[in-house]
Amino acid sequence: QVQFMESGGGTVRPGGSLRLSCQVTGMQGIVFALNDMEWYRQAPGKDRELVASITHGHARDYADFVKGRFVVSRDNLEHSVHLQMNYLRPEDTAVYYCHGRRVVGDTQYDFWGQGTQVTVSS
């Protein structure tokens with residue numbers, strides 16, 4: 001059974017840092033390497049939004065609101081993806097979700113983690 005498990009959330013003061021991790025289990029290494037991986041977040045009362053992505057080819061992209069502050073990375077040997085979050089702001093408060101996506105022919109496979117809470121507050 002494939003599982004995506006986020007960790008690393010918590011409460012931090014404005015300007016602080018957190019490093020989120022997403023550990024993937026139940027997936028063969030070559031399959032994980034073919035997944036495009038993304039981090040989303042959802043704040044109370046708001047839609048889920050894309051924060052950062054890293055493709056199977058290691059191309060990175062970021063939402064404008066985190067550019068210059070967040071860094072996404074992946075470790076295909078460890079089947080994990082990480083989100084280093086620096087200079088955190090109160091508006092970064094949200095549940096952060098790890099998402100994996102892979103297209104095989106006409107079929108798209110999507111996997112989600114259960115989320116990890118990030119709270120930025122003084």
Side-chain angles (χ1 to χ4, degrees):
Q1 181 180 358
V2 175
Q3 288 189 321
F4 281 46
M5 183 68 69
E6 300 95 337
S7 62
T11 300
V12 65
R13 294 180 181 245
S17 298
L18 283 173
R19 185 173 188 258
L20 304 184
S21 294
C22 176
Q23 183 66 53
V24 178
T25 59
M27 185 180 285
Q28 289 183 333
I30 184 63
V31 176
F32 174 81
L34 292 174
N35 273 263
D36 293 334
M37 299 297 294
E38 298 165 330
W39 286 96
Y40 283 78
R41 71 185 187 187
Q42 187 166 20
K46 295 188 177 181
D47 293 334
R48 191 172 295 190
E49 58 186 358
L50 180 63
V51 175
S53 63
I54 182 165
T55 69
H56 61 278
H58 292 255
R60 296 173 173 84
D61 198 14
Y62 300 92
D64 287 343
F65 51 80
V66 302
K67 280 182 180 177
R69 301 189 297 126
F70 290 11
V71 178
V72 62
S73 61
R74 67 188 294 161
D75 186 334
N76 287 342
L77 291 178
E78 296 292 332
H79 298 188
S80 61
V81 63
H82 307 280
L83 186 68
Q84 178 66 43
M85 306 188 297
N86 302 318
Y87 306 107
L88 283 160
R89 305 166 179 168
E91 54 264 38
D92 294 320
T93 296
V95 178
Y96 284 72
Y97 298 90
C98 178
H99 174 245
R101 178 169 46 87
R102 186 175 88 255
V103 176
V104 180
D106 295 331
T107 302
Q108 177 166 308
Y109 297 89
D110 290 276
F111 304 94
W112 290 94
Q114 84 292 344
T116 185
Q117 176 71 46
V118 171
T119 302
V120 184
S121 174
S122 56

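Note that this is a predicted model, so its numbers are computed, not measured. Reckoned from all heavy atoms, side chains included, excluding hydrogens, waters and symmetry mates.
- Summarising the geometry of L83 relative to A52, their closest heavy-atom pair is CD1-CB, 4.0 Å, with the distance given to 0.1 Å.
- From D75, atom CG reaches atom NE2 of H82 across 6.0 Å, with rounding to the nearest 0.5 Å.
- Of the inter-residue distances, the one linking Q117 atom CD with Q42 atom CD reads 11.0 Å to the nearest 0.5 angstrom.
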Side-chain donor-acceptor pairs of residues 62-71 under 3.5 Å, sequence neighbours excluded:
residue, atom, partner, partner atom, Å
Y62, OH, V72, N, 3.0
D64, OD1, K67, NZ, 3.2
R69, NH1, Y87, O, 2.9
R69, NH1, D92, OD2, 2.7
R69, NH2, F65, O, 2.7
R69, NH2, D92, OD1, 3.0
R69, NH2, D92, OD2, 3.4

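- In this structure, E78 contributes its side chain and Q23 its backbone to no donor-acceptor pair below 3.5 Å.
- Residue V118 is not grouped with residue Y40 when hydrophobic side chains (ILVMFWY) are merged at heavy-atom distances under 4.5 angstrom, including chains of intermediate members.
- Scanning all heavy atoms of the two residues, the minimum distance from P14 to S122 falls at CD-N, 3.7 Å.
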Table please: side-chain donor-acceptor pairs of residues 27-37 below 3.5 Å, with sequence neighbours left out.
residue, atom, partner, partner atom, Å
N35, OD1, R101, N, 3.4
N35, ND2, V31, O, 2.8
D36, OD1, H56, N, 2.8
D36, OD1, H56, ND1, 2.9

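- Clustering ILVMFWY residues whenever any of their side-chain heavy atoms sit less than 4.5 angstrom apart, transitively, puts F111 in the very cluster that holds I54.
- Heavy atoms only, all atoms of each residue included: S17 and Q84 are closest at CB-NE2, 4.0 Å.
- Residue S21 holds its OG atom at 12.5 Å from CE of M5, rounded to the nearest 0.5 Å.
- Hydrophobic clustering (side-chain heavy atoms under 4.5 Å, transitive across Ile, Leu, Val, Met, Phe, Trp, Tyr) groups F4 together with Y109.
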> Would R60 and S73 count as a side chain to side chain contact (heavy atoms under 4.5 Å, CB included) if you check the C-alpha gap in whole Å, the side-chain angles of each, and the deciding distance to 0.1 Å?
Replying inline: CA-CA 8 Å; R60 296 173 173 84; S73 61; 4.2 Å; yes
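- The hydrophobic clustering, which links ILVMFWY residues whose side-chain heavy atoms are closer than 4.5 Å, places L18 and V51 together.
- Distance check: C98 SG to W39 CH2 gives 5.0 Å after rounding to the nearest 0.5 Å.
- Judged by distance alone, with hydrogens and angles left aside, the side-chain atoms of T119 form no donor-acceptor pair with the main-chain N or O of T93 at under 3.5 Å.
- Of all heavy-atom pairs between R41 and A94, the closest is CB-CB, 3.8 Å.
- At least one donor-acceptor pair under 3.5 Å links the side chain of R74 to the backbone N or O of T55.
- Between the CG atom of L20 and the CD atom of E6 there is a distance of 8.5 Å, given to the nearest 0.5 Å.
- Taking a 6.0 Å sphere around CG of D110, one finds it holds more than 12 heavy atoms contributed by other residues, nucleotides or ligands.
- Put simply, SG on C22 and NE2 on H79 are 12.5 Å apart, with the number rounded to the nearest 0.5 Å.
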